[in-house]
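Take a look at the structure below.
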Amino acid sequence: MKIFIIILVALAATFIVFQLYISYNTNSVESQPYEVLEDKGEFEIRFYPSVNIAQITSNSKSYDAMSSKGFGKLAGYIFGGNDKEEKIAMTSPVQVDVNDSLSTMSFVMPAAYDSKELPTPKDGSVKILKTDDEYVAALSFGGFANDKTIKENSDKLAKLLKENELVPRGNFRYLGYNPPFQLLGRKSEIVVKVDLVR
């Protein structure tokens, strides 16, 4: 019995150390830059400057289907699946836009790369694009994301925008900041474009 308890404590300690290590590494990953313009308490108004992204499109109508199809293709590109066989650092967040027309998943490219310096994907379904500057409303939530939690938080943000007399433009998008094996300290966000009079 004593040996069992020792083994159990050792496994628990290993798990905690592993999760802390993952959390530390996640926090050290380059994140897409933005400026918080207004803190509304439950959500923020942010400005995102233009960035380069690698993106795939799909007819998928769910987050799970989009993730299984898209992540591998985009990861393949940054892990060397390009004309230079160059490894590109992972950044956060992964952006997912699931809607009734054409869904997308995107990786933000590191800021050190100019759009002309990025290698060409070997997989023709991966496109390198430059986003426009945008103003968004952003709502953060924890835990694991799925279609249910994404819809719940999208609906919550839509309600908050209506209460604050702000009009959403386009689709609500999901931003994921953590690898799937990270259990502690997970961060997710829902964002949507808004029009601001400045």
The salt bridge (Lys or Arg N to Asp or Glu O under 4.0 Å) partner of R46 among E134, E35, E189, E38 is E189
Between N99 and S101, a side-chain donor and acceptor under 3.5 Å | yes
Between CE on residue M105 and OG1 on residue T57, distance to nearest 0.5 Å = 12.5 Å
Could you tell me whether the side chain of P121 reaches within less than 4.5 Å of the side chain of I128, counting heavy atoms only?
-> yes
Cluster overlap V126 with V94, hydrophobic side-chain contacts below 4.5 Å | yes
Examine F141 and V192 and state if one hydrophobic cluster contains both, with Ile, Leu, Val, Met, Phe, Trp and Tyr joined whenever side-chain heavy atoms are less than 4.5 Å apart.
-> yes
F79 with I56, same ILVMFWY side-chain cluster at under 4.5 Å | yes
Smallest separation among heavy atoms of D39 and G41, with atom names = OD1-N, 2.8 Å
V191 and V167: same hydrophobic cluster, using ILVMFWY side-chain contacts below 4.5 Å?
-> no
Spell out, as yes or no, whether a donor-acceptor pair under 3.5 Å connects the side chain of K84 to the backbone of G81.
-> no
I88 and P119, any side-chain heavy atoms less than 4.5 Å apart = yes
Please indicate whether K162 has more than 12 foreign heavy atoms, meaning atoms of other residues, nucleotides or ligands, lying under 6.0 Å from its NZ.
-> no
Does the S103 side chain pair with the main chain of S60, one donor and one acceptor, at a distance under 3.5 Å?
-> yes
Assign the ring pair Y174 / Y63 to parallel, tilted or perpendicular, where the plane angle (0 to 90°) is split at 30° and 60°.
-> perpendicular
Any chain of hydrophobic side-chain contacts (each under 4.5 Å) joining I150 to F43?
-> yes
With a 4.5 Å heavy-atom cut-off, do N178 and K187 have their side chains touching?
-> yes
Looking at CD1 of I53 and CG of L118, how far apart are the two atoms once the value is rounded to the nearest 0.5 Å?
-> 11.5 Å
Ring centroid separation F71 to F107 under 6.0 Å | yes
Which heavy atom of Q55 sits nearest a heavy atom of L74, and at what distance?
-> N-CD2, 3.9 Å
Could you check D155, L157, T149, V136 and say which one makes a side-chain contact (heavy atoms from CB on, under 4.5 Å) with I190?
-> L157
Counting N and O atoms only, with roles assigned by atom type, does the side chain of R173 sit under 3.5 Å from a partner on the main chain of V98, one being a donor and the other an acceptor?
-> no
Do you know the tightest heavy-atom contact between P49 and P33?
-> CD-O, 3.5 Å
Which residues satisfy the side-chain hydrogen bond (donor to acceptor under 3.5 Å, both in side chains) test with K61, sequence neighbours excluded?
-> none
Between S31 and S92, is a side chain to side chain donor-acceptor pair (under 3.5 Å) present by the stated rule, with each step listed?
-> CA-CA 5 Å; S31 290; S92 69; 3.0 Å; yes
State the NZ-CG distance between K87 and N82, to the nearest 0.5 angstrom.
-> 9.5 Å
Determine yes or no for a side-chain-to-main-chain donor-acceptor pair under 3.5 angstrom, with T91 supplying the side chain and V108 the backbone.
-> yes
Charged N to carboxylate O below 4.0 Å: is that the case for E163 and K40?
-> no
Gap separating the CG atom of D147 from the CD atom of E152, nearest 0.5 angstrom | 11.0 Å
Residues Y113 and N52: closest non-hydrogen pair is O-ND2, 3.4 Å
Please examine the side chains of M66 and D97, heavy atoms only from C-beta on, and report whether any two atoms are closer than 4.5 Å.
-> no
To the nearest 0.5 Å, what is the distance between CG (N153) and NZ (K148)?
-> 10.0 Å
Find out whether Y135 and R169 are in side-chain contact, i.e. whether some heavy atom of one side chain is under 4.5 Å from a heavy atom of the other.
-> no
Taking atom CG of N171 and atom OG1 of T104, what is their separation to the nearest 0.5 Å?
-> 8.5 Å
Closest approach of A158 and F172, non-hydrogen atoms and distance?
-> CB-CZ, 3.8 Å
Does A111 offer a backbone N or O that forms a donor-acceptor pair with the side chain of E30 under 3.5 Å?
-> yes
So, does T131 use its side chain to make a donor-acceptor pair with the main chain of V51 at under 3.5 Å?
-> yes
Crowding at CG, D100 (>12 non-hydrogen neighbours, <6.0 Å) | no
Identify the heavy atoms of K130 and S50 that sit nearest to each other, and give their distance.
-> CG-OG, 3.3 Å
